[in-house]
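The structure appears below as C-alpha cells.
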Amino acid sequence: MVIFSAIGLAFTSLLGRVVFLQTIGRERTVLQADRQQHYTETLHARRGSIFDRNGLLMAGTVQKKSLFVDPKFMLEVFQEDGKTLVDLDREIGKLASLLDKDPLEISQIIGDRAQSRYVKVAELLDDYVVDAVLKLNLPGVVLEPVDVREYPMGSLAAHILGGVQKDNIGLEGVELQFEKLLRGKDGFKRSLKDARRRTIATAAEDYVPPVNGNHVVLTIDSNIQMITEQELARTCEQFRVRAGEAIVMDPHTGDILALANWPTFNPANIEDTAAVPELRRNRALTDPYEPGSTIKPFIVGPMLSGQLAKPTDMFQIPGPYKSPLRAKLVTDIHYYGQLPLWDVVVKSSNIGMVKLAERVGSKSLFEALQQFRFGKMTGIDLPGENGGLVNPLRRWTRPSPVSIAMGYEMMLTPLQLTRAVCAYANGGWLVQPQVMHGLLTPEGQIDPSLKKSAIRTRAIDEPTSQLIRRIMCDVVYRGTGQKALSRRWNLFGKTGTAHTATNGVYNEDNYTSSFVGGGPFENPRVVVAVILHDPDKSLAHYGGTVSAPAAGQILDRTLSYLQVPDSPQLDAPPASVMPVLHAFDPRVYDRQMRTASTRD
Amino acid sequence: MDCSVDRLRNHDIVTLCVATLLCLSVLMVQSASMHVTGSTSWGWTDRGTRHLIYAVLGVVAFVLAARFDYRTVFSAERSFLASPSVWALGLSVLLCAAVLVPGVGKEVNGARRWIVMGPIQVQPSEIAKWSVVIFLAWWLTSSRAKLDRFRTLVLTLLPVACIALLIVIEDFGTAVLIGMCAFSMLCCSRVKKWQLFALVPPVLAAGVWFITHKEYRVRRMMAFLDPWASPRGEGYHMVQSLLSFSTGGLTGKGLGNGVQKLGYLPEDTTDFIFAVVCEELGVSGAMLVVAMYLGIMYVTWQLIRSDRDSFGKMLAFGITAMVALQAAINIAVATVSVPTKGLSLPLVSAGGSGMVISCAALGLLCSVCKFRHAEGPATKVGVNLAAREGSSDAVPERVSEADWRAWTKA
C-alpha cells in the first residue's frame, strides 16, 4: 500500500512539475525555444531607380547573388548520406568550375574552416551561374541576394547623382538628398525551421513584405548633360583649367537641365574617391567665388529700373581712374574715351561701373544685390549648398562700392548667378532651381507632388529685364562675348574675368573666367553658366576667350537638340541709344557678318 | 461486454487503459517520427509503420495472455525445477550474459543491449525484468520458501542480483528499475523487514561507486544539476525536453504541430516521447497518460484488497509496480526531475519487442483479474471472476474448465 501510495504521489507531483514547466517555469525556455526554432530573414527593399526627364535610367539597382558555404553542415550531410570525402571533392569540383575558381582553393577554404557556419566563396554572381549552382543542389550552399547600385551612364551627371556606400546608403547628390524616398522599407520573414534549418512554415503575421524605394525622375536631360560635360571637359583640357563648372537651366521653371563639374568621377566608384573629397564636391553649388564682371548686368538693371541711370548716360573713360573712394587705380583693358552706360556693360568697363557706383551710392548697390537674392541659398534640392556671402550694408567700408561694382567683395555660387540670369530671361522672375521632377508612379505616370513650385518672386520689372537682355545680346554681337556668337540663334550673355585671391592677396596669375548667358533672345529657352577656375594664363584667361566659346557651343548644341527654330535677324538698338554707341555699325547684326565671325 | 460504466469490471479497466495507451502510442510515435518533406499528403513514416505492427502484435499478446489462466502456467506449487518461472529466469541470465559477448550483442548508440534473432531484435533486459517479476512472485509466495531466514533471502536475491549486475554494465536504468521493483515486492512479502533494509546500504554504496568510477556518468550527473551549463553538450537532452514543455504550454500545440520533434529533441519516439505528448497535447495529454497508469494501479489495488491467492496478488503487484515505476522514472527524466536514464515510457514509446512483452505482462495482470483462485494448492479449475461479475445471476461460484470454455464461447 505504501509503495502504491508513493508511486501515486510521484505521478501527481510529476504532473505538477509538467504544469509548472508549461506555465511559470517557461520564461527562460520559451525564449530559448523561439530563438532555436525560428529564423528571421530580412527581405531587402530594392532601392528606387533614378531617371532623367526623358525616362532614361541614370541609376538603378541590380540584384546579384553572393555564394556562401556552411562547411560544418555540408560535411555533416555528406557523412549522414554515407558519402566519402572523395564525393565531396567531386561536388566541390563541379561548383568550382561553375564559379570559375580553383577547386583546390574552395576545398581548402571548406577544409580549413570545417567548424565554421558561414564562409563567403564568391560574390556578384550572374543569373546563369546562380541557376547552375542551384541545379547542383549541394547541401550547405547558400545564395544570398546582394543589391548592387549601377550607373548605366557611367560618370555622366556624377555630381548630381552622387553615389552610395557599400550598403546602398546615399553618400552624395540625389542619392543622399532623396535617401528616404529611394531606400524604401525592408520587410522580414520569420519562419519556423527544423533542426536542419529547413523551413516548415511562416505565419501570416510573420511575413512583412518589403516596400521598395520610389523611382525618382530628375529634371536633368541626359542629352543636355552630355553636351555640357563634353564642352566643359574639352574647354578645361584646352585651357589647362584647374576646375570648372557649368549649369544649364530652364529659365521659366527653374529646372536644372544639366549641371557639371570638372574634373569628375564615376558614381559607381564613389567610395574610391573618398581620398579626394575635392572631386566629390558639387562645386557648382558648394563653392562660392568672386564673380567679377558677370555681376555688372545685375547692378545696371536695378539702376535703370529705379531710374537712377539711363542707358544713354555717358561716362568719361580717358585712362586709369583714381576713385575718390579708394587709393588703388581702377583700370580697364581699353580706354574708349567715353562710353554710354549701354556700352559700359557691352565692353565691360570697370571705370564706367565705378563711376556709376559713386553716383548711386552704397545703399542702391546693396539693394540691387538683394533683389537677386545674392548671398542667400537658392534652396535647390541637392545637398551641401552654400549661400555665398554678400556683406550686410553696415559692414561695408568706404572702398566697398568700387569693389562691388566690379564684382568683388562678394561670394556667389555659380548656381546663384545662373538663377539671376534666368530673371533676365523670363521677364524678371526669380525661380526656384531644382532637380526633382517627380516620382514615377506604378502606372508609369510622373507624380509631381514633391516638386517645388517655381516660386516666382519678382526680381525686376519686365521692361528692364528685356532691355538688359538686349544689352546682353550686344555683349555677344559687339562686345566681350563675341566668341559665343551663334550662326542660328540670337544669344545673350556676359563675360567675366576675375582675379582670384590666394590667402587674401590677389595675384596676377590666377583668374576665374566665366560666361553667363542664354538664348534665343526672342523667347529664351535655356540659360547657361560656364565658370572656369585658373586657366593657364600663357594660353588665355579672359572670360570672353576661355568660357564664352564653351558656353556658345553648349547653347548652340542644346538649342539644336531642343529643335528651337532659328532666330530672326536681331533688331538694332533703340534709336535713342544708337547714336551714342561706341563705333556702332548696324551691319554687325547681319547674317553675313555672323557667318564671318563664328567661333573657332 | 456490458457497456454500462457501473458494470465496468477490473479487467475491463486494464484493457481500456492498455488500449488507450497503445492508441496514443501509435499516434504519438507517428507524430514524433515525422519530418519535413516536400510532400503535403499524409504518409506513414517507417518508424510509425513498424510501431503500428508492434502495437498490433502487442494487442494479440495481451489478448492471448489474458485468456490463459495464470495459474496453469506459473503454478506456485510446482517443484523448483519444474517451475517455468525458474527456467525463464535461467534463460534470462544466459541471454543477459550472451548480449555482452561481442558478435552476439548488437551495439546501438554505444551500448550493447540488443540480440538480433532473424528479423527481430530483442533486448534481454526486457525479458529479464519480467522473468524477475514472475520468479519473485512465484518464489515469495511459495509455501516451501523459508523467507524469514536471512540465508533464504540472500539465496532468493542471488539470481536477481546476478541479472541486475549483468544488465547494469550496459543499461544502468533498467538495472535500477529491476532493483526497485524487486525491493518493492520483497517489502510486500513475508521477508523480515530488518533483513531487507540491512541490504540497502551496501547496494546503495555499490550504486554510488558504479556511478563515480565512470567519468561520463559523473558528467551526466553534473549536467542534470545544471543543464544550462552545457546546453549543446551533456545538457542537450534535458534542455531540449524542457523547451518542448514550454513551447507546448498548457493547451499544447495540437496533434502533429510539435516542432521540437523535428530534429531538436533527441530520442523523441522513445525515451522522450512524453515531452512530445506534452508539447502537442498539453497538460491534458500528460493527464491522460498518467491517468492510464493510475488506472492500472487502481485495479491492482482492488485485487490486493480482495480475497484471492497470494501468488496472484504478488504477480499483479509485481507487474504493476514494474510498469508504474518505469513510467514514473521516464516522466521524471523527461521533466528533468531525475538524471537521464535510458528508460522508455511503457506501452507508449516506440519499443518493438519490448513493448510486445510488456503487453503480454499486462495481459497476465488481466488474467489475474479474471481468474480468482483461493489460497492454497492449485486446482485445475479457477473461479471465473469475469463470469461472476459480468452477469447478474445464476452463475455458479465455481465452474468446471469445460463449463468455463463453453461459457466464454457463448
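Within every chain, numbering begins at 1; the chains are lettered A, B, ... in the order of the sequence lines, protein sequences first and strands thereafter. Atom set for the values below is all heavy atoms of this structure, side chains included, hydrogens, waters and symmetry mates excluded.
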Part of Thr199(A) within contact of chain B (heavy atom distance under 4.5 Å): backbone
Choice from Ala324(B), Ala286(B), Gly263(B) maximising heavy atom contacts with chain A below 4.5 Å: Ala324(B)
Chain B interface, residue from Val30(A), Leu14(A), Asp34(A), Val19(A) that has the most non-hydrogen pairs under 4.5 Å: Leu14(A)
Residues from residues 66-77 of chain A approaching chain B under 4.5 Å (heavy atoms): none
Neighbourhood of chain B inside residues 187-194 of chain A, taking heavy atoms under 4.5 Å as contact: Leu192(A), Lys193(A), Asp194(A)
Residue Ala334(B) versus chain A: region with a heavy atom under 4.5 Å: neither
Heavy-atom closest contact (Cys278(B) atom, Gln22(A) atom, distance): O-NE2, 3.6 Å
Over 12 foreign heavy atoms within 6.0 Å of CG, Asp46(B): no
Closest non-hydrogen atom pair between Trp301(B) and Ser5(A), with its separation: CZ3-OG, 4.3 Å
Leu21(A) side, atom CG; Ser337(B) side, atom OG - distance, nearest 0.5 Å: 7.5 Å
Whether over 12 other heavy atoms sit under 6.0 Å from Lys166(A) NZ: no
Toward chain A, the part of Gln240(B) with a non-hydrogen atom under 4.5 Å: side chain
Heavy-atom pair with the smallest gap, counting every atom of Val336(B) and Arg17(A): O-NH2, 3.3 Å
Rounded distance (nearest 0.5 Å) linking atom OG1 of Thr335(B) with atom CZ of Phe20(A): 11.0 Å
Heavy-atom side-chain contact between Ile331(B) and Phe11(A) under 4.5 Å: yes
Neighbour count >12 (heavy atoms, 6.0 Å) for atom CZ, Phe183(B): yes
Asp81(A), CG atom: more than 12 neighbouring heavy atoms under 6.0 Å: yes
Separation of Gln260(B) CD from Gln37(A) CD (nearest 0.5 Å): 4.5 Å
Value rounded to 0.5 Å, distance of CG in Leu325(B) from CD1 in Ile3(A): 8.5 Å
Spacing of CD belonging to Gln32(A) relative to CG belonging to Leu242(B), to within rounding of 0.5 Å: 10.5 Å
Region of Leu250(B) in contact with chain A, defined by heavy-atom distances below 4.5 Å: both
